[in-house]
Chemist: 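Structure provided below as structure tokens; questions to follow.
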Amino acid sequence: MGTDGAATLVIQGGTLIDGAGNAPVANDTLVIQGNRIRAIGKLPAGIDPGDRKKVRVIDAAGKWIMPGLIDAHTHLSYGNPKLPGEARGRGTTRPELNAIRAAWNAQKCLRAGVTAISVPGGSWFTDVAVRDAIRLGLVEGPRVFAAGRMIATYGSIEDEDPSWVGTPDHSLGVLCNSADEMVREVRRQAKHGVDLIKMADSRSGDTQCISRAEMRAVVEEAHRRNLRVAIHSRGAGSTRDAALAGLDWIIHADLCGDGELETVAEAGVPVMPTATFVERLLTWGREVGQDVVQIDLTHIEARMEKMARMLHKLRALGITVLCGTDSGNYAWMPYGELHGNEPDILVRYGGYTPLEAISCCTRNNALAVGLENDLGVLAAGRLADVLVLDADPVADISVLKGGKHVVTVIKDGKIVDLERLALRPDSLKFEEDAGRRTRAA
Ligand SMILES: [Zn+2]
């Protein structure tokens with residue numbers, strides 16, 4: 001069922017953007033039965049929109065219909081809420097509270113029109129728990145494709161403590177300093193139900209922390225267990241080797257050269273630039289001042305320029321681009337607000353057309369949630385994650401930002417109740433302590 005009691009949901013009128021990159025068309029009817037799209041265009045025989053007991057009709061006249069947004073880079077389980085009167089701790093030292101908070105934040109994502117997220121790294125197995133709670137219907141939220149803690153070596157991002165401390169259980173990385181240790185960790189995480197293995201090269205790509213042979217070992221083990229593998233990789237060596245080792249996608253790749261991107265293109269490996277994070281760092285840094293951010297803003301401006309050049313290069317090389325924002329990475333990367341920023345950046349900085357950018361955050365991103373060929377495109381037989389917008393994202397891609405123009409969200413064939421005020425993105429703001437240092441880009 002899933003359509004508020006009615007067996008069939010019919011969206012009538014409006015302009016349909018299919019996510020596959022085709023030109024928008026006038027929508028006659030889009031029919032949803034159960035959790036799938038039954039038909040687009042003609043009304044199938046036996047369905048009577050006038051039968052309000054069996055059919056629920058959404059009038060989309062003057063509106064736009066598109067696939068649910070997918071954010072392929074959102075962290076639900078970083079940090080902690082700040083508790084009044086309590087000193088700030090480091091790391092996620094309260095996993096039980098943090099799991100409840102993660103479930104809360106997942107609902108904010110959904111209400112912003114994000115019907116699926118990929119979580120490339122988290123604390124404990126919180127994201128696996130949130131994924132399963134959503135699947136069971138205990139809480140509302142997007143589809144979740146979850147990694148656990150990142151596989152790190154000495155010097156990787158998320159290896160933040162001295163060697164005699166290592167990576168305690170509450171941290172976001174797991175030290176694995178050999179291929180054997182990495183394979184063991186892949187097996188441990190598989191046992192705990194992850195979908196995705198996240199590897200972690202150096203924070204800024206200046207040194208390569210994981211060898212190609214180690215990446216190959218992880219990919220072989222993960223793929224045998226039907227898990228996907230992604231890597232935080234910014235520099236030349238790790239980006240080239242990630243492509244050659246057969247990783248499923250590369251996150252960032254913003255500080256490597258054209259030669260490495262050509263290798264990535266030849267290998268057919270998608271790239272997730274995560275430009276939203278860099279742009280947000282810049283805008284937030286200008287807002288609060290660089291003393292608060294603790295980063296030289298001219299340095300971030302240079303990073304954004306390099307990012308823009310890379311986006312153009314990705315497009316020229318025909319590399320599949322995935323859209324991820326890094327929401328939840330820090331307290332200033334709030335849930336529900338930034339998920340539509342990446343397609344806007346692709347258009348403004350990268351030379352992408354709005355239709356291309358929409359496909360990046362719908363069709364392309366389906367890969368990052370393990371549902372390629374089943375999600376991210378509006379077509380008969382596909383999963384029914386659908387948005388209705390009151391503004392045209394092809395005329396102005398920025399209308400996707402912040403979920404402000406989303407009037408209807410359908411996830412898995414069910415209409416999400418956007419009027420439940422307690423669950424709107426801007427409600428119940430508690431102070432977040434992301435539990436990470438601001439040293440970021
Ligand atoms: Zn991230």
Side-chain angles (χ1 to χ4, degrees), residues 71-75 118 120-121 147 150-152 155-158 196-212 214-216 218-219 228-282 299-300 302-326 329 341-343 345-346 349-352 356-357 360-361 364-365 367-368 440-441:
D71 189 337
H73 194 158
T74 293
H75 299 286
S118 191
M150 298 176 209
I151 291 182
S156 290
I157 187 170
E158 309 310 346
L196 170 67
I197 299 295
K198 170 84 177 284
M199 304 192 79
D201 194 62
S202 61
R203 181 179 289 276
S204 299
D206 40 358
T207 52
Q208 183 177 353
C209 292
I210 302 178
S211 72
R212 194 189 308 171
E214 288 165 338
M215 293 180 197
R216 278 220 169 103
V218 167
V219 167
R228 301 234 156 127
V229 186
I231 186 168
H232 168 100
S233 168
R234 305 187 70 184
S238 59
T239 299
R240 180 195 63 231
D241 284 349
L244 296 174
L247 268 79
D248 294 288
W249 60 90
I250 297 169
I251 301 174
H252 303 299
D254 56 330
L255 301 176
C256 67
D258 287 356
E260 287 80 31
L261 290 180
E262 281 158 21
T263 303
V264 171
E266 273 167 38
V269 176
V271 169
M272 188 187 301
T274 318
T276 298
F277 174 65
V278 182
E279 203 209 22
R280 173 73 183 142
L281 190 58
L282 198 55
H299 171 73
I300 304 302
R303 283 285 157 92
M304 198 61 210
E305 270 174 38
K306 200 156 175 21
M307 176 68 80
R309 280 202 301 279
M310 187 205 49
L311 295 177
H312 279 278
K313 187 73 185 170
L314 293 176
R315 187 171 183 272
L317 288 170
I319 291 174
T320 298
V321 169
L322 308 179
C323 280
T325 61
D326 229 338
N329 186 8
N341 284 27
E342 194 78 2
I345 292 173
L346 290 181
Y349 287 88
Y352 292 72
E356 287 170 346
C360 289
C361 60
N364 293 5
N365 269 0
L367 171 80

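For this chain, numbers begin at 1 and follow the sequence in order.
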Chemist: Counting C-beta onward and ignoring hydrogens, is there a side-chain heavy-atom pair between Phe277 and His73 closer than 4.5 Å?
Modeler: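 When only atoms from C-beta onward are counted, His73 and Phe277 do not touch, as no gap falls below 4.5 Å.
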
Chemist: Show, in sequence, the C-alpha distance, side-chain angles and deciding distance for Asp241 and Ser211, and conclude whether the side chain to side chain contact (heavy atoms under 4.5 Å, CB included) test is met.
Modeler: CA-CA 7 Å; Asp241 284 349; Ser211 72; 5.9 Å; no

Chemist: Take Lys313 and Glu262 through the test side chain to side chain contact (heavy atoms under 4.5 Å, CB included) and record every step on the way to the result.
Modeler: CA-CA 9 Å; Lys313 187 73 185 170; Glu262 281 158 21; 3.7 Å; yes

Chemist: Should Ile197 and Arg228 count as side-chain neighbours, where that means a heavy-atom distance under 4.5 Å?
Modeler: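 The answer is no, as the side chains (C-beta and beyond) never meet within the 4.5 Å cut-off.
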
Chemist: Kindly give the heavy-atom pair with the smallest separation between Arg216 and Leu244, and that separation in Å.
Modeler: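 Minimum heavy-atom contact is NH2-O, 3.3 Å.
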
Chemist: Looking at Arg303 and Glu279, does any basic side-chain N land under 4.0 Å from a carboxylate oxygen?
Modeler: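 The answer is no: the pair does not qualify as a salt bridge.
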
Chemist: So, applying side chain to side chain contact (heavy atoms under 4.5 Å, CB included) with Pro270, which one of Leu322, Asn364, Ile319 is it?
Modeler: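 Result for side chain to side chain contact (heavy atoms under 4.5 Å, CB included) with Pro270: Leu322.
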
Chemist: Look at the side chain of Asp248 and the backbone N and O of Ala230, then say whether any donor-acceptor pair between them is shorter than 3.5 Å.
Modeler: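 Such a contact is absent between Asp248 side chain and Ala230 backbone.
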
Chemist: Below 4.5 Å, heavy atoms only, C-beta onward: do Val271 and Thr320 meet side chain to side chain?
Modeler: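 Contact flag for Val271/Thr320 side chains = no.
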
Chemist: Please answer whether the main-chain N or O of Gly257 pairs with a side-chain N or O of Glu260 as donor and acceptor at a distance below 3.5 Å.
Modeler: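 Side chain of Glu260 to backbone of Gly257: a pair is present.
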
Chemist: Are any of the side-chain heavy atoms of Ser202 and Gln208 separated by less than 4.5 Å?
Modeler: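 No, side chains not in contact.
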
Chemist: Can you name the closest pair of heavy atoms from Glu356 and Gly351 and give their distance?
Modeler: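 In this case the closest contact between Glu356 and Gly351 is OE1-O, 4.5 Å.
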
Chemist: Taking all non-hydrogen atoms of both residues, which atom of Pro120 and which atom of Ile251 are closest, and how far apart?
Modeler: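 Closest heavy-atom pair between Pro120 and Ile251: CB-CD1, 3.8 Å.
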
Chemist: Where do Pro273 and Met310 come nearest, in terms of heavy atoms and distance?
Modeler: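 Smallest heavy-atom distance, with atoms named: CB-CE, 3.7 Å.
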
Chemist: Kindly give the heavy-atom pair with the smallest separation between Arg212 and Arg240, and that separation in Å.
Modeler: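 Between these two residues, the closest heavy atoms are NH2-NE, 4.1 Å.
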
Chemist: Please examine the side chains of Met215 and Leu247, heavy atoms only from C-beta on, and report whether any two atoms are closer than 4.5 Å.
Modeler: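 Touching, per the 4.5 Å side-chain cut-off.
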
Chemist: Exactly one of Asp254, Thr239, Asp201 should register a side chain to side chain donor-acceptor pair (under 3.5 Å) with Ser233. Which one does?
Modeler: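 Of all the options given, the one that passes is Thr239.
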
Chemist: Could you check whether any side-chain heavy atom of Ile250 comes within less than 4.5 Å of a side-chain heavy atom of Val264, counting everything from C-beta outward?
Modeler: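 Contact flag for Ile250/Val264 side chains = yes.
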
Chemist: Is there a side-chain contact between Leu311 and Ile345 in this structure, where contact means two heavy atoms from C-beta onward sitting under 4.5 Å apart?
Modeler: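 A side-chain contact under 4.5 Å exists here.
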
Chemist: Do Asp71 and Thr325 pair up side chain to side chain, a donor and an acceptor below 3.5 Å, judged on atom types alone?
Modeler: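 Per modelled atom types, Asp71 and Thr325 side chains form a pair under 3.5 Å.
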
Chemist: Quick one: closest heavy-atom pair of Trp249 and Ala368, and the distance?
Modeler: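 Looking at all heavy atoms of both residues, the shortest contact is CH2-CA, 3.5 Å.
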
Chemist: For the residue pair Glu342 and Thr276, confirm or rule out a side-chain donor-acceptor distance under 3.5 Å.
Modeler: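 Result is yes, a qualifying pair exists.
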
Chemist: So among Arg203, Lys198, His252, which one has a side chain to side chain donor-acceptor pair (under 3.5 Å) with His232?
Modeler: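 The side chain to side chain donor-acceptor pair (under 3.5 Å) with His232 is passed solely by His252 among Arg203, Lys198, His252.
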
Chemist: Is there side-chain contact between Val321 and Leu346, with at least one heavy-atom pair below 4.5 Å?
Modeler: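 Yes, close enough: below the 4.5 Å cut-off.
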
